[in-house]
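Letters go in sequence order (proteins before strands), and every chain restarts at 1. A quick note: this is a predicted structure, and the numbers were derived from the prediction, not measured.
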Amino acid sequence: MGAMSAKTKAKTQESEHAALGLTDDDVLEMYYYIALARALDDRMWVLQRAGKAMFVISGPGHEGCQVAAMWPMDKKKDWFVPFYRSVAACLVKGMSPADLLLGLFARANDPSSGGRQMPGHYGHPGVKILSTSSPVGTQYPHAAGIAYASTLRKTGEVTMVAIGEGGTSQGDWHEALNFAGVYKLPCLFIVENNEYAISVPLRKQMAVGSVAVRGAGYGMPGVSADGSDVLECYRVAKEAYDRARRGDGPTLIEFRVPRLGSHSSDDQQERYRPKEELERVRQRDPLKTFGAYLQRAGLLTDARKQEIADRIKREIDQATDVADASPEPDPTTGARYVFAERGAADA
Amino acid sequence: MGAMSAKTKAKTQESEHAALGLTDDDVLEMYYYIALARALDDRMWVLQRAGKAMFVISGPGHEGCQVAAMWPMDKKKDWFVPFYRSVAACLVKGMSPADLLLGLFARANDPSSGGRQMPGHYGHPGVKILSTSSPVGTQYPHAAGIAYASTLRKTGEVTMVAIGEGGTSQGDWHEALNFAGVYKLPCLFIVENNEYAISVPLRKQMAVGSVAVRGAGYGMPGVSADGSDVLECYRVAKEAYDRARRGDGPTLIEFRVPRLGSHSSDDQQERYRPKEELERVRQRDPLKTFGAYLQRAGLLTDARKQEIADRIKREIDQATDVADASPEPDPTTGARYVFAERGAADA
Amino acid sequence: MPEVRYIDAINQAHHLAMEHDDSVIVMGEDVGAKGGVFGATMGLLEKFGEWRVIDTPLAESSIAGVAIGMSVNGLRPIAEFQFADFIHPAFNQIVSEAARMRYRSNNAFGCPVVFRAPYGGSHGTALYHSQSIEAFYAHVPGLKVVAPSTPYDAKGMLLAAVQDPDPVLFLEHKRMYRLVRGEVPGGEYTVPIGPAVVRREGTDLSVFAYGWMLHETLQAAETASKEGINAEVVDLRTLAPLDKDTILKSVAKTNRALIVYEDNRFLGYGAEVAALIAEEAFESLDAPVLRLGGPDVPGVPFAKKLEEWFSISQEKILAAIRKLAAY
Amino acid sequence: MPEVRYIDAINQAHHLAMEHDDSVIVMGEDVGAKGGVFGATMGLLEKFGEWRVIDTPLAESSIAGVAIGMSVNGLRPIAEFQFADFIHPAFNQIVSEAARMRYRSNNAFGCPVVFRAPYGGSHGTALYHSQSIEAFYAHVPGLKVVAPSTPYDAKGMLLAAVQDPDPVLFLEHKRMYRLVRGEVPGGEYTVPIGPAVVRREGTDLSVFAYGWMLHETLQAAETASKEGINAEVVDLRTLAPLDKDTILKSVAKTNRALIVYEDNRFLGYGAEVAALIAEEAFESLDAPVLRLGGPDVPGVPFAKKLEEWFSISQEKILAAIRKLAAY
Ligand SMILES: Cc1ncc(C[n+]2csc(CCOP(=O)(O)OP(=O)(O)O)c2C)c(N)n1
Ligand SMILES: Cc1ncc(C[n+]2csc(CCOP(=O)(O)OP(=O)(O)O)c2C)c(N)n1
Ligand SMILES: [Mg+2]
Ligand SMILES: [Mg+2]
């Protein structure tokens, strides 16, 4: 992208995104990733309903803020500690659609777990995405620890960790922010607030409207951005990223996002969310809002849109075939990797 | 006290404490409790050094805010969930010096645990002080639960819970405040900030100077008061108490107090605290500061002071004799009360 | 008596307990509007309201800790952990607080809390939605641990747990929720916490199991009987405190013992049962005490073939029965 | 070789590990300026500075969780829990995360963290400063658990633990810190995690112990020998993974087994050792496998007489040895 960015910089002086230092190619690529994540997401649900996968959990509605927050990151150098909704973030960080589908199908070469974990438990050593577990909240202290190591080892790495607003109620969330605040760690603490923890609404999760207010209690800035405003999400993320790079410490970022789907393939949100509300949140779909911005900016012509859609379809079809053709784990490997196989005493 | 309060109300119109609705008898009794707690504290350390007790942990420097915070409480009706520094608070709530010394000596009739727990682990069903354990932080959710039950059962009880500033780093602390905020529970969350967690200084415990700022993150007021200013401590506690009674929810209260002694009889604070600092904190001794106020107010003459000191000495001597004469637990009782003895099925 | 599913029996117990005692409340993640992710608390919110059916914040330590506080102030909470795997953050509150409150206060305070936890592997539940946690908690004095295997026991023991003056960890193997059906009286009744029960009389050997494993074991015993092996099957039901007598009586009769459990084998619950038999039934043993437990790997892997490799199937149980009988 | 105390051996290992590997860091409550409440980390802050010797906030779950994060990013943390009793808030991080990271990621990530925990009852340590926690953690696949009983092993096994690519729970019975002395080489050396060791050769019966109980057992065995009972004493040292061979070899020789542990008896660590022997050494057993464990009450009571009632003394061990020999 680097080359292209330079090439097209000139003609985007006036636009909103240019004011933020984003080229036309940047924003178009951001749109591509949002659309890719959404299409992959749809595909995963289709495959699950078709019986090709036992379970799906994904992030429809969360893609905009995820792509925006990942954009300033150094994909090779920085760390990402995801959660199950981080489909778009993992794609931008460097996982391929096939990587994610290999997890969905639980195949031997699933880079996240070799088919050992449920779908949605992302991880990839090659692109510095830490392995995810299911217990909500445990990832926050991990991120603080990774960032501490980066500081002590002077690697210049920045760490980004994501969680939902329900996860902020966990003790680990508090302990991580407190620790990171004391040591001014280069860390972005993301909270993707979709106003529900499965069926539990925000008002039963916390007594405040925005979790960003808690930053002050840890000696760090707390900011909140509308997840449907992708450029605003980028702006706050970039600011936090620069702060971290400068050594000025962590930032707590809340992205207010719509949860467009049910919690997971085991949930039916119609049972606890009013119809009107479901319609209302659909208006906040970042794919629509960002697409509309790019149209206004004259960057996303119908032709261009179709082109991107076709490319995505091709890529996902290919990825599905690749994943589907991959072998299942060999049952004789079930006992492996309880411990490192080179044995105890030698590190 | 009721009668006496009325009797002496007239002549105290001008004073600071009168402005807060406290009678001369109130403040003199508050002074008595602060002095009693301090004297009992000194006695416990003497007994420990003399080999009469294995261990002591107590609250020198914390007495002022404890007495002040307990003062608005309904001693019979309200709940108190203490920690190991709550010597003065437990005395005001209704435990006797003998009750505390029975715990120090681990005697059979120790009301806190029958000699089963280490000294400093207070509890007393008769005066609604919940049993204390050692793990720091666990008491905070208990207080929220007690307060929830009070609300649901419409008992009108208010609950006060205390912890040190180190304890605020625990996940349980966060979870309790979050829960209490959501349900607007009638609860006072006290943090006695003495700037050390054993040897760990405040700056390594949190990135903020005052933990009170965290109240906002839980939708509750957070206030901070100087623990050497006993009347100010009373004022903020009274306000929080009234708020709780009105059904307006919990308050987070930080009392900034000096830790006049070592963490416990197993610690030597001289090893990690500079001499000057130790001298500085001695100036903040609430016994001195409150005594000085009462002298200025013309309430604490030297004669009156001596009188109180003599009374306290008598009471503590008596209490020591009573406790010392009490029998040790019968070893054959060691297996009792793992479960209720009336057995499982009947409640 | 009507036949109902295990999950229905659990749900009935909730309704009855809450109807008959205002101090009973239910709390946990998604127990309200959603009625629980497995439906255990379905219909409670509508009937008893938000203050008695609490959709808690996503924080297990405080679910336990708040329940403990409620229980010392006149309430009888039933606290649901959405999956047993997620009870771990509450370990300190349950072990250090709930289980010790009565002993440490010399009987001044007690914690009548029921901690419910759906445990065990079902299909595709993987590392973090399949765990067996009984070994961690049955080791903790002051805590009662039960794992009923029939709808009748599930309802009766849950009602007994709610009335118990002490904390009870109530384990429900999630595989049974919709698979296991049985006759259950409509009204209130209790099944005492404590006694184990012989589910199948036998003479050649004794197999001890609980929860879902009891059902796999009964099937295996059935097959074994066709091969002329007459296995006695004992449902432990209450894991702590353990009913030694029923166990020892059975071994005294059959002289052979096998313990079947789904949890990791090493230091799993079966270890205590085996150790008990080895010490107190030594003279009557004609064969080694066998344990069939899950492999000692950190969790049940997700991929179907790996899951099968991990799981304790009827075939594996049958093989163990044959081996023990042949000894 | 110089004679040093157990605590000195632990302290030496810290200094050497940090000198020889910059990626080794120490973290915990009061490990810095105070040098640890038992002195294990004395002198480290002065030598290695605040960033490698971290006085953490009072929050055990994050002590474990942050250490895990450090360990996946190039550091080798030694995380101290001030007392084993206070490791409970970190249960979820240790069990769900540290122990499972390698398995769940199919070997992509590992957690080389050493979790140190002073455990066990000393005088006046009561319910919350006396706990034995090995049964909880030795049951967890993916976690190594050691409990060295001599200064030599303590230093060598701590250095081995720091070099281990996987998480190790390092248990130090606090009673030994100042009481137990032994010869320890000044320099670096490792004692492998895994093998148990026979501390006393014997022919009449085998006693298995670890940590402080090993010392009480050796004393009891000495007394027993004067009565003509020749007990073999095995120091298990590593509780997970367990060295079965050494155990079975000893029982094959003596035909009698006793396991001594201070933790609550029910489902305590001894249960696994007893179950192992009952299953794999059945033919060589001339007597029931005996276990001597602590009473099943929620903790060690404080009052001296109650504490004595709880504690496993030489006398109690000797009585068990006599009983086993007389069988
Ligand atoms: C410790 C723990 N408790 C419970 C669960 C079950 N669970 C999975 S996701 C979820 C809700 C999470 O809500 P939130 O944090 O808001 O994220 P969202 O799913 O809304 O994006 C729950 C309760 C879990 N995985 N871990
Ligand atoms: C969970 C837990 N971890 C560690 C300890 C050991 N410990 C006892 S008191 C204490 C320091 C508490 O500091 P703070 O909360 O500030 O209260 P203070 O003693 O200063 O009044 C520590 C670390 C404990 N009791 N519980
Ligand atoms: Mg959410
Ligand atoms: Mg303090």
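The two residues A/V338 and C/D296 have their closest heavy-atom pair at CG2-O, 4.0 Å. Contact between C/P57 and A/S169 at its shortest, heavy atoms only, is CB-OG, 3.6 Å. In plain terms, the two heavy atoms of A/M118 and C/A126 that are nearest each other are CG-CB, 3.4 Å. Across all their heavy atoms, C/K305 and A/P331 have their closest contact at O-CB, 3.8 Å.
Only the side chain of A/E328 comes within contact range of chain C, with at least one heavy atom under 4.5 Å from a heavy atom of that chain. For chain A, no part of C/V31 is nearby; none of its heavy atoms comes within less than 4.5 Å. Using a 4.5 Å cut-off between heavy atoms, A/D330 contacts chain C through its backbone alone, with no side-chain atom that close. Contact of A/D266 with chain C is made through the backbone alone, with heavy-atom distances under 4.5 Å. Using a 4.5 Å cut-off between heavy atoms, A/R203 touches chain C through its side chain atoms alone.
Using a 4.5 Å cut-off on side-chain heavy atoms (C-beta onward), A/I198 and C/E29 make no contact. Between C/H129 and A/S134, some side-chain heavy-atom pair lies under the 4.5 Å cut-off. When side chains are defined from C-beta on, A/D267 does not count as touching C/V37, because their heavy atoms never get closer than 4.5 Å.
Atom CZ of A/R116 is separated from atom CG of C/L127 by 8.5 Å, given to the nearest 0.5 angstrom.
Residue C/K323 qualifies as open at atom NZ: its count of foreign heavy atoms under 6.0 Å is 12 or below.
Here A/G334 is the residue among A/G334, A/S113, A/A106 with the most heavy-atom pairs under 4.5 Å with chain C. The most heavy-atom pairs under 4.5 Å with chain A, out of C/T56, C/T125, C/D30, C/D55, come from C/D30. Contact count versus chain C (heavy atoms, under 4.5 Å) is highest, among A/K204, A/H121, A/M54, A/R336, for A/K204. Contact count versus chain C (heavy atoms, under 4.5 Å) is highest, among A/A197, A/G164, A/A335, A/G114, for A/A335.
Residue-level contacts of residues 135-143 of chain A with chain C, in order of numbering, are A/P135, A/V136; threshold 4.5 Å between heavy atoms.
A distance-only check finds a donor-acceptor pair linking the side chain of A/Q170 to the backbone of C/L58 [under 3.5 Å].
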